Amino acid sequence: MFRTVIRLHSNLFRAIRKQEKVSVFKSSKMATMSPAESGEFIVKNAKFVKVHEEGIKHLAKEVISGIQSKVIDVENFSQHEHHPKPSDSHAPNWIFLIDTLNFCFWTPGDATKWKVDGQTGYFSLCAAINRALKEGIDITNPSFYSKITLEELEKILRSDDGQTKAPLLPERVQCLHEVGRVLLEKYDGKFENCVKACNNSAVALLKLVTEEFPCFRDEATYNGKRVSIYKRAQILVGDLWACYRGEGLGRFDDIDKITMFADYRVPQVLVHFKTMEYTDELMQLLKSDKIIENGCAEEVEIRGASIYVVERLKEVVLEELKANHPNISAKNVNAVLLDHFLWDYRRKHAAELEYIPFHKTISVYY
Ligand SMILES: Nc1nc2c(c(CN[C@H]3C=C[C@H](O)[C@@H]3O)cn2[C@@H]2O[C@H](COP(=O)(O)O)[C@@H](O)[C@H]2O)c(=O)[nH]1
């Protein structure tokens with residue numbers, strides 16, 4: 001009896017470290033809401049986060065001037081020096097690799113300590129992967145990364161100061177082994193084969209990715225219901241759509257079903273524009289830099305409210321365009337580009353936004 005309890009306990013501890021085992025176990029029983037439905041359900045029941053319609057209307061004005069000035073434009077993705085061009089044959093596998101590793105770049109005490117070629121956070125990852133490609137390492141090939149060692153990845157993600165290790169290295173190796181194995185076994189090692197299996201449906205690709213690759217299964221139980229946030233799975237679809245400007249491999253007839261990508265940076269911007277507000281208790285918790293668990297009510301509410309706010313923002317912007325800007329095309333006004341605008345805004349105004357702490361959650365999901 002005692003022996004079984006010990007075994008169970010150590011399994012649970014190991015599972016918490018390797019998060020996806022836990023979620024797979026839990027998710028088989030209850031139906032899971034879509035990210036948009038989850039955002040609505042979470043805001044309706046939220047205790048730590050309040051949404052402000054006035055703030056959303058104010059932010060909508062910023063967005064419309066962003067559309068007019070082309071700061072918000074589907075062309076932007078590939079213009080970034082580290083992002084692939086649609087003509088690059090390795091682009092689909094590059095995007096799949098990057099979004100498999102697109103999580104948790106902050107280090108306790110100094111969020112941007114891990115630097116690669118002078119870049120920080122997400123762009124450190126991009127710089128490291130592109131550096132490896134230049135060094136002749138076949139890093140975007142699942143035959144390579146499905147068997148990558150901790151030492152090999154540590155070297156590929158080495159930082160400028162030669163000391164600071166990339167955060168969560170063992171978890172990154174685990175994710176690469178998992179997705180690499182499945183991609184080789186079922187999709188001939190090419191992510192574009194996953195895309196082609198989805199008949200230009202973003203919702204179908206989201207389902208395929210979260211079912212085939214457990215480390216993308218970003219779900220939680222909130223108020224007794226199964227909710228989904230799927231940050232990395234949705235950003236994967238969004239990056240494909242943006243890279244190919246909604247054409248070819250990036251053509252998704254239901255791209256408007258994709259929500260914003262609930263990470264730890266965009267919530268800072270949404271609070272800054274007073275579209276949502278944390279209770280004093282939650283703000284104190286974030287100011288204490290205390291780690292908050294993936295899946296706890298505070299974390300789920302921050303992420304769920306972010307999804308709800310951007311869905312509402314999209315509606316307000318589309319109404320405003322229809323009513324007062326009939327000459328501006330609403331074709332590309334979707335949560336993907338609104339998200340990119342907000343995430344880029346945080347980067348451009350990093351110092352100004354430091355007064356709003358980001359939530360510290362250690363997770364492979366974002
Ligand atoms: N919501 C949202 N979260 C995003 C991105 C991106 C990069 N997307 C590229 C594609 C088009 C865009 O214009 C970007 O060029 C990374 N992240 C998340 O941010 C966090 C790191 O942040 P920082 O420390 O500042 O690098 C981390 O959780 C990471 O997973 C995004 O776009 N939206």
Side-chain angles (χ1 to χ4, degrees), residues 35 39 66 70-85 91 94-108 110-130 166-168 171-172 175 215-216 218 229-245 250 258-270 294 299 302-307 309-311 313 332 334-351 353-354 356-366:
K70 293 222 168 297
V71 168
I72 296 179
D73 190 305
V74 70
E75 302 293 327
N76 295 347
F77 182 92
S78 294
Q79 269 139 24
H80 194 282
E81 60 171 321
H82 280 296
H83 283 160
K85 306 278 176 281
W94 187 97
I95 290 172
F96 181 64
L97 171 73
I98 285 287
D99 288 328
T100 294
L101 299 174
N102 197 350
F103 59 83
C104 211
F105 303 116
W106 57 274
T107 37
D110 170 355
T112 59
K113 198 154 180 297
W114 177 58
K115 287 188 179 60
V116 176
D117 288 355
Q119 298 283 347
T120 65
Y122 165 79
F123 288 119
S124 295
L125 174 66
C126 298
I129 297 298
N130 291 340
L168 302 186
E171 285 76 4
R172 294 181 198 281
C175 291
C215 68
F216 281 87
D218 180 2
I229 297 178
Y230 298 154
K231 181 259 174 187
R232 284 198 290 108
Q234 294 201 93
I235 204 169
L236 177 56
V237 177
D239 285 351
L240 270 171
W241 176 80
C243 179
Y244 294 95
R245 301 176 180 82
I258 295 293
T259 73
M260 62 80 66
F261 322 120
D263 69 321
Y264 51 85
R265 291 299 194 182
V266 171
Q268 291 177 275
V269 183
L270 297 177
N294 171 246
E299 185 238 20
I302 292 172
R303 304 182 71 202
S306 299
I307 289 175
V309 164
V310 175
E311 288 301 292
L313 178 66
N332 285 328
N334 58 40
V336 176
L337 287 188
L338 293 182
D339 175 281
H340 289 171
F341 168 72
L342 296 166
W343 189 83
D344 293 348
Y345 184 96
R346 200 294 306 175
R347 279 214 153 231
K348 289 186 194 117
H349 300 85
L353 287 175
E354 287 235 339
I356 301 167
F358 66 87
H359 67 281
K360 311 288 184 305
T361 294
I362 296 173
S363 164
V364 301
Y365 296 136
Y366 63 98

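Being a predicted model, the structure only gives us computed values, none of them experimental. Atoms within each ligand, like the ligands themselves, are counted from 1 in listed order.
- The part of I235 lying near ligand 1 is the side chain, judged by heavy-atom distances below 4.0 Å.
- With a 6.0 Å cutoff to the six-membered ring centre and a 45° limit on the axis angle, R172 counts as a cation-pi contact of F103.
- Annotation for ligand 1: atoms under 4.0 Å from non-hydrogen atoms of F123 are 15 (O).
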Item to complete: Could you give me the CA-CA distance, side-chain angles and deciding distance for W343 and F261, then say whether ring-ring contact (aromatic ring centres under 6.0 Å, His included) is met?
Response: CA-CA 9 Å; W343 189 83; F261 322 120; over 10 Å; no

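- Of the protein's non-hydrogen atoms, the one nearest atom 33 (N) of ligand 1 is D339 OD1, 2.6 Å.
- Summarising the geometry, atom CZ belonging to F358 is positioned 11.5 Å from atom CD1 belonging to I302; distances are rounded to the nearest 0.5 Å.
- In terms of protein heavy-atom proximity, atom 15 (O) of ligand 1 is closest to H83 CE1, 3.1 Å.
- In terms of heavy-atom proximity, N294 sits nearest to R303 at ND2-NH1, 4.2 Å.
- Geometric assessment of R232 against the ring of Y365 yields a negative cation-pi assignment under the 6.0 Å and 45° thresholds.
- If you check the side chains of N76 and D73, you find no donor sitting under 3.5 Å from an acceptor.
- With a 4.0 Å cut-off on non-hydrogen atoms, N102 touches ligand 1 through its backbone as well as its side chain.
- In this structure, the side chain of D218 engages the main chain of K231 through a donor-acceptor pair within 3.5 Å.
- Residue T120 places no N or O, backbone or side chain, under 3.5 Å from any N or O of ligand 1.
- Side chain of D339 to backbone of L342: no donor-acceptor contact under 3.5 angstrom is found.
- If you check the side chains of E311 and T259, you find no donor sitting under 3.5 Å from an acceptor.
- Nearest protein heavy-atom contact of atom 23 (P) of ligand 1 is R347 NH2, 3.6 Å.
- Residue-ligand proximity, V266 to ligand 1, at heavy-atom distances under 4.0 Å covers atoms 1 (N).
- Atoms of ligand 1 lying under 4.0 Å from at least one heavy atom of F77, given by number and element, are 10 (C), 11 (C).
- Between R265 and ligand 1, an N or O atom pair is found at a separation short of 3.5 Å.
- Proximity of T112 to ligand 1, defined as any heavy-atom pair under 4.0 Å, is not found for any part of the residue.
- Between atom 28 (O) of ligand 1 and the options Y122, W343, Y264, the minimum heavy-atom separation is to Y264.
- Between A262 and I307 the shortest heavy-atom distance is CB-CG1, 4.3 Å.
- Of all the heavy atoms of M260, none lies under 4.0 Å from any atom of ligand 1, so neither backbone nor side chain is involved.
- With hydrogens and angles disregarded, a donor-acceptor distance shorter than 3.5 Å links the side chain of S124 to the backbone of Q119.
- When each atom of ligand 1 is checked for a heavy atom of D239 under 4.0 Å away, the hits are 10 (C).
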Item to complete: Could you walk me through whether W241 and N334 pass the side chain to side chain donor-acceptor pair (under 3.5 Å) test, one step at a time?
Response: CA-CA 11 Å; W241 176 80; N334 58 40; over 6 Å; no

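- Within ligand 1, the atoms closer than 4.0 Å to a non-hydrogen atom of Y366 are 28 (O), numbered from 1 in the order shown.
- At a heavy-atom distance under 4.0 Å, only side-chain atoms of K231, from C-beta outward, approach ligand 1.
- Closest protein heavy atom to atom 13 (O) of ligand 1: D344 OD1, 3.1 Å.
- The shortest N or O to N or O distance between F261 and ligand 1 is under 3.5 Å.
- If you look at W106 next to ligand 1, there are no close heavy atoms at all, none under 4.0 Å.
- When only non-hydrogen protein atoms are considered, atom 25 (O) of ligand 1 lies nearest to R346 NH2, 2.7 Å.
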